[in-house]
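This report concerns only the one structure given below.
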Amino acid sequence: PSSFTSPQLAVVGGGIGGLAAALAAARAGRQVTLVERAAEFGEIGAGLQLAPNASLALEELGVLAEVRQTAVVPPRLVMMDALNGDRITELDLHSEAFRERFRHPYLVTHRTDLHAALLTACRTHPAITLHTGCTVVRVEQDGSGVRLHFAETTEVLEADAMVAADGLRSVLRQALVGDGDPVCSRYVAFRGALPTDRMTGRMSEIAASEAVMVWAGPRMHLVQYPVRRGELYNQVAVFESDHYRPDSDDWGTEAELEERFAGTCPAVRAALPLVSRDRRWPLFDRAPVDTWVYGRIALLGDAAHPMLQYLAQGACQALEDAVALGRALVESADAADAFASYAERRQARASLIQTTARSFGELCHLEGMGAAVRNALLATRSSHDFDDISWVWTPAPDTVSAA
Ligand code: FAD
C-alpha cells in the first residue's frame with residue numbers, strides 16, 4: 001500500500017470470517033481497514049453448507065439476498081450407509097416443521113460465491129478500506145491502540161483495535177495463546193465442484209434430487225451437494241489414513257483414497273472418479289480456549305475456534321462471530337469493552353460446537369457393531385425431528401438483533 005490511513009479497527013485476513021467482521025464493524029459505524037496477505041482476494045473451488053444460523057447471520061450483514069441468487073436450498077439432508085447403500089436417516093429442510101423452527105433457510109453455496117458477495121459488500125461500503133499483499137508479522141498494543149507490522153513493507157498500520165481473522169494457522173493467535181500447532185486428525189479430504197452435466201447414471205439422479213448426501217462408512221465418508229444454481233456438483237471424500245506421520249505429506253494419498261473406498265456401495269464407487277484430486281486437505285482442529293481477547297486484539301473465525309468440518313459449522317460460526325462483534329461494537333464505544341462483550345457472548349457456544357464436531361465425526365465414522373447400532377437408533381427418527389441439531393442451527397439470542 002502507498003500509505004495507510006489510521007482506521008478505528010484493523011482486520012487481519014480476508015477470508016469469510018475477516019470480510020464478515022469488517023462488514024459488521026462498518027455497519028456498526030466504525031472505520032475499518034482490512035489487510036490480506038494474498039495478492040488477490042479469493043476462496044477455493046469447493047462448496048460450503050450454510051445452516052440456518054449462517055443464513056440469519058448473512059441477513060444481519062445485509063448479504064443474504066445476494067448469496068441466495070446463486071445458492072441452492074436443498075430439500076433434504078440424507079445420511080446413507082456407504083457400505084450397503086441403505087438410507088440411515090434424513091431431515092426434511094423444506095418442511096413446515098423446519099421453517100417454523102428456524103425461520104431461515106439451509107443453503108449450500110460455492111465458497112467463491114459467498115466470498116464474492118461479502119467482498120462486494122465490503123468494497124462498496126464507504127467505511128471499509130481493503131489491502132492485499134500485506135502479511136502481518138507482528139502486532140504491538142498499548143493503552144491507546146495497536147500497531148501492525150508487515151513482511152512486505154516497513155510501513156506500520158495504526159488502529160484503535162484489531163481483529164485477527166487469519167485462519168487455522170493464525171500467527172496472531174500463536175503469539176497470544178501459544179497453544180502450539182493445530183491438531184492433525186489423521187483424516188484427509190479430497191474435494192471440489194465439477195459441472196453437474198458431467199454426472200452420469202445413478203450419479204445424475206442423485207445430483208438431480210438436490211439433496212445434501214452424506215455417505216457414512218468405517219473411518220471414511222463422502223458428502224455430495226449441488227452449488228451455484230445447481231450448475232456445479234460438490235463432492236468431498238474424507239478418510240482416516242493408516243499411514244499418518246507428522247512432518248510428512250506422504251500420507252492420505254490418492255492411492256489410499258481408492259483403496260479405502262474400494263469396498264463401498266455402487267453409488268459411492270460411481271462417484272469416486274468424479275471427486276476432485278487437485279489437492280489433498282489434511283484436517284486439523286484445536287481444543288477450545290477461553291482467551292479470544294487480549295485488550296485491543298480479538299480472535300475471530302478459525303483463528304479463534306478452528307474445528308473439524310463434521311457439523312459443517314466452521315464458516316457458520318465465523319459469521320456468527322462477525323454479527324456478535326458488530327452488535328458489541330454498537331453497544332460499547334470502547335473497543336476493548338466491545339471485544340470483551342463479543343467474547344463473552346460467543347465463546348461457550350463456539351467451544352461446544354468445536355468439541356461436538358469431533359464427536360459427530362466419530363459417529364459418522366463408526367465401524368462394525370457401532371455402525372449397526374447407530375443405524376438402528378437413527379432409523380426410527382422422523383425427518384421432521386430437529387431436536388438433536390436444533391441448538392447448533394440456532395444462534396444464542398443475545399448475539400443477533402433480529403432473532
Ligand atoms: P480462512 O478462510 O483461513 O481465512 C484466513 C485469511 O487470512 C486467508 O485469506 C489468509 O490468506 C489470511 N491470512 C493468514 N495469515 C495472514 C497474515 N499473517 N496476514 C494477513 N493475512 C493473513 N464450514 C461451514 O460453515 N460449512 C461447511 O460446509 C464447511 N465445510 C468444510 C469442509 C472442509 C473439508 C473444511 C476443511 C472446512 C470446512 N468448513 C465448513 C470450515 C470453513 O471452511 C472455515 O471454518 C472457514 O473458511 C474459516 O474462515 P476464516 O475466515 O476464519 O479463515
Side-chain angles (χ1 to χ4, degrees), residues 10-22 33-44 46-55 57-58 74 77 106-112 114-115 118-119 130-139 148-152 157 162-175 182 185 187-192 212 214 221-223 225 227 234-238 276 279-286 299-322 350 353-354 357 361 392-393:
V11 175
V12 181
I16 290 162
L19 291 176
T33 294
L34 182 147
V35 287
E36 162 60 45
R37 75 175 163 198
E40 280 176 33
F41 287 105
E43 250 290 353
I44 60 157
L48 198 65
Q49 301 184 55
L50 296 170
N53 57 317
S55 44
L58 292 172
L77 196 55
Y106 195 105
L107 303 174
V108 283
T109 175
H110 196 280
R111 281 169 182 267
T112 311
L114 171 62
H115 191 270
L118 289 168
L119 185 59
L130 302 169
H131 294 283
T132 50
C134 295
T135 308
V136 176
V137 287
R138 193 163 57 84
V139 181
L148 281 67
H149 299 265
F150 298 91
E152 296 84 357
L157 171 61
M162 187 198 90
V163 171
D166 53 341
L168 171 72
R169 296 186 184 281
S170 166
V171 288
L172 300 167
R173 176 191 172 110
Q174 231 16 60
S185 67
Y187 276 77
V188 69
F190 286 83
R191 59 175 166 167
V212 176
V214 181
H221 76 265
L222 172 75
V223 177
Y225 53 85
V227 294
N234 184 66
Q235 299 202 98
V236 190
V238 172
S276 229
R279 195 177 148 184
R280 69 187 248 298
W281 303 84
L283 299 168
F284 296 89
D285 71 350
R286 287 181 185 277
L299 305 177
L300 182 142
D302 275 9
H305 45 67
M307 59 185 72
L308 294 173
Q309 80 285 13
Y310 304 122
L311 285 174
Q313 276 288 320
C316 301
Q317 290 302 304
L319 293 169
E320 278 194 34
D321 289 347
I353 292 181
Q354 241 179 319
V392 178
W393 291 356

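One-based numbering, in listed order, for ligands and for the atoms of each. Since we're looking at a predicted model, the values are computed, not measured. All values below come from the heavy atoms of this structure, side chains included, with hydrogens, waters and symmetry mates left out.
- No N or O atom of Arg191 sits closer than 3.5 Å to an N or O atom of ligand 1.
- Checking side-chain atoms of His115 against main-chain N and O of Gly14 turns up a donor-acceptor pair under 3.5 Å.
- In this structure, CD in Gln49 is found 10.0 Å from CG in Leu311, a value given to the nearest 0.5 Å.
- Between the CG atom in Leu319 and the CG atom in Leu118 there is a gap of 6.5 Å [rounded to 0.5 Å].
- Residues Phe150 and Val35 form a side-chain contact, since some pair of their non-hydrogen atoms from C-beta on lies under 4.5 Å apart.
- When the options Ala165, Ser170, Ala315 are ranked by their closest heavy atom to atom 5 (C) of ligand 1, first place goes to Ala165.
- The shortest separation from a heavy atom of Ala318 to ligand 1 is not under 4.0 Å, leaving the residue out of contact.
- Scanning the protein for heavy atoms near atom 52 (O) of ligand 1, the closest one is Asp302 N, 2.9 Å.
- Contacts with ligand 1 closer than 4.0 Å are made by no heavy atom of Leu50, backbone or side chain.
- Considering only non-hydrogen protein atoms, atom 29 (C) of ligand 1 sits nearest to Leu48 CD1, 3.5 Å.
- Between Tyr225 and ligand 1, no N or O atom pair is found at a separation short of 3.5 Å.
- From Ile44, atom CD1 reaches atom CZ of Arg279 across 7.0 Å, with rounding to the nearest 0.5 Å.
- Only side-chain heavy atoms of Val171 come within less than 4.0 Å of ligand 1; its backbone N, CA, C and O stay farther off.
- Taking only non-hydrogen atoms, the option from Gln309, Arg111, Glu320 nearest to atom 43 (O) of ligand 1 is Arg111.
- If you check the side chains of Gln354 and Asp285, you find no donor sitting under 3.5 Å from an acceptor.
- Not a single heavy atom of Ala46 lies less than 4.0 angstrom from ligand 1.
- The shortest N or O to N or O distance between Val136 and ligand 1 is below 3.5 Å.
- Across Ala51, Cys316, Gly42, Gly17, heavy-atom proximity to atom 49 (O) of ligand 1 is greatest for Gly17.
- Looking at Leu172 against ligand 1, nothing comes within 4.0 Å, counting heavy atoms.
- Of all the heavy atoms of Cys134, the ones lying under 4.0 Å from any atom of ligand 1 belong exclusively to the backbone.
- Contacts of Ala312 with ligand 1, taken as heavy-atom pairs under 4.0 Å, involve both backbone and side chain.
- Atom CG in Asp166 sits 4.5 Å away from atom CG in Leu172 (nearest 0.5 Å).
- With respect to atom 1 (P) of ligand 1, the closest heavy atom belonging to the protein is Gly167 CA, 4.2 Å.
- Checked by distance only, ligand 1 and Leu168 stay at 3.5 Å or farther apart across all their nitrogen or oxygen atoms.
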